[in-house]
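To keep things clear, I will list the structure first and then write my remarks on it.
Lettering of chains follows the sequences in order, A, B, ..., and the numbering in each one begins at 1. Every value quoted in this text rests on a predicted model; they were computed, and no experiment measured them.
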Protein chains: 2
Amino acid sequence: MGLADDQHLAWMARSFGRPDYLPLTPEDLIALRSIAETVTRQPRSHLFREGDPAVAAYLIESGTVDLYRTRGKDRDVIARIGPGAVLGDIAMFGEGTYMSSARAMGRVTAFRFPREKLIPELAQRPALCLRWLVAGLRQLQDTQRRIIHLMHKTVIAQVADLLTEESRKHGEIELSQAAIATLLGVSRQSVNEALGAIRRTGAIATAYRKIEVVDADALVRIAAEPKP
Amino acid sequence: MGLADDQHLAWMARSFGRPDYLPLTPEDLIALRSIAETVTRQPRSHLFREGDPAVAAYLIESGTVDLYRTRGKDRDVIARIGPGAVLGDIAMFGEGTYMSSARAMGRVTAFRFPREKLIPELAQRPALCLRWLVAGLRQLQDTQRRIIHLMHKTVIAQVADLLTEESRKHGEIELSQAAIATLLGVSRQSVNEALGAIRRTGAIATAYRKIEVVDADALVRIAAEPKP
DNA sequence: TGGCAAGTGTCGGAATCCCGACAATGGTCG
DNA sequence: CGACCATTGTCGGGATTCCGACACTTGCCA
């Protein structure tokens, strides 16, 4: 698989993968947790690895997890997710393999839903199943809209959008320009150029491997700018 | 809403909207048909219109339906779908409005699943609901892969891919270059250029509002070509 | 302290694509 | 037949992005 393909897969995982996606209501989760296993992971250990058969879905309770794909000897971080995020569900329902690896960054606690337990539970509780279906489709629709907004926009707008999103989730942004480029499926140089342009507007401040959002509103405006 | 936005919406509808998407097994459909209304539409009449509240999903039994969006006085055909296609389900589950209009081209027969009947049915039959869920997510995954393949490719490869797909569905292709451009979210001139390039390879023959696939294999090869 | 790997900033050329404009041709309807 | 609209084919300018290359900075570790 070529480099370009991996870039696109990373882009996809960011756009489609559902970091911080909580498809169910608290009541649903309570029902679900009766069949969940509680798992704890020490830093730098894996929840699952890319290519493993997807036998379970996970719900992060606490801690931070990196989703990444392996390319040769490098790791491309696709997304950094936190509490409330559900991961692995698409691959699990699709009876395929995980599309990325999930590694605990700090100490992580999570709920693990094994497929052989989750499927019967859903089959027994139609309301739960139906809700999961509806939530999933709604999320799909939102994702569609999001992609439209992004895909034919200038690199500057894409970067601004990503920064807005990341800063909302984790305050300060610790991503290298190369990582941002991977997430967006563009070249590193373009990201550099875009960051420079945004910095000149005063919306952000950049440092080594760190970006600080100074003016969030300005950032949103930049992200919304059309391409003409 | 700007022109560019509409282009992207059209692109989305083609990529995400599920023309010719049959998520369920024949057994499932038999169960579903007990709650379906059979509807018949004369040529040029509508199944639903863009913006209508999405109160039902449809399964095409026979005939051809155009999905289009209205832009000012023009109609942008998003997709032309045939028997087996399910439409309107995402909007229906999401409790929103239809994102495009559906108009019968020839005489059309279809099954109509009203929301207030379908939801209880799914709630009563967990297996059916679960299967819909799994099928939907699997389709989502396929779509993701497909988009990755398409999105950072040359216009020529995109056009070749579209032609391959269309010819498989409806033998001969009756689309104007402007329509193709809308479907792909690119400019008409680029489509013209791409068609010319493909024609020169001998893979297709073009005529007024009609394209004939001469060498399907060559077309697939062109669609797979990377961008370097 | 001195490398060394990782990350950043910048340049210029090449490729792709968009956009506006215009001419030429096909189909339709009075 | 003739007017008229839709469609196709083509051109050139301009904008954006990719790519390879290189110098510089930062953080880490022996």
- Query: Taking CD from A/Glu225 and C1' from D/dT16, how many angstroms apart are they, rounded to a whole number?
  - Reply: 15 Å
- For B/Glu95, check salt bridge (Lys or Arg N to Asp or Glu O under 4.0 Å) against everything at least two apart and list the hits. B/Arg115
- For B/Arg41, salt bridge (Lys or Arg N to Asp or Glu O under 4.0 Å) partners two or more places apart: none
- Item | Any residue meeting side-chain contact (heavy atoms from CB on, under 4.5 Å) with A/Ala216, in chain and number order, not counting sequence neighbours | A/Val213
So which protein nitrogen or oxygen atoms get under 3.5 Å of nucleotides 8-12 of chain D's nitrogens or oxygens?
unit_1	atom_1	unit_2	atom_2	d
D/dT8	OP1	B/Arg209	N	3.4
D/dT8	OP2	B/Gln177	N	2.7
D/dG9	OP2	B/Gln177	NE2	2.6
D/dG9	O6	B/Arg188	NH2	3.1

- Item | B/Ile173 CD1 to D/dT7 P, straight-line distance once rounded to whole Å | 17 Å
- Task: Using atom CD of A/Glu174 as one end and atom C1' of C/dG7 as the other, report the distance to the nearest whole Å.
- Result: 14 Å
- Which residues satisfy the side-chain contact (heavy atoms from CB on, under 4.5 Å) test with B/Arg49, sequence neighbours excluded? B/His46, B/Asp52, B/Ser101
- Task: Provide, to the nearest angstrom, the distance between the CD1 atom belonging to B/Ile180 and the P atom belonging to D/dA6.
- Result: 18 Å
- Partners passing salt bridge (Lys or Arg N to Asp or Glu O under 4.0 Å) against A/Arg112 (at least two apart in sequence or in another chain): A/Glu37
- Item | Results of side-chain contact (heavy atoms from CB on, under 4.5 Å) for A/Glu61 - residues two or more places apart only | A/Thr109, A/Phe111
- Query: Side-chain N or O of A/Ser187 less than 4.0 angstrom from OP1 or OP2 on D/dT17?
  - Reply: no
- Item | Helical bend (five base pairs per end, nearest 10°) for the helix from C/dT1-D/dA30 to C/dG30-D/dC1 | 20°
- Item | Stepwise side chain to side chain contact (heavy atoms under 4.5 Å, CB included) test for A/Thr164 and A/Ile222 | CA-CA 10 Å; A/Thr164 300; A/Ile222 294 172; over 6 Å; no
When the side chains of residues 200-210 of chain A are checked against the rest of the protein, which donor-acceptor pairs come out under 3.5 Å, sequence neighbours left out?
unit_1	atom_1	unit_2	atom_2	d
A/Thr201	OG1	A/Ile198	O	2.5
A/Thr201	OG1	A/Ala203	N	3.4
A/Thr206	OG1	A/Arg199	NE	2.9

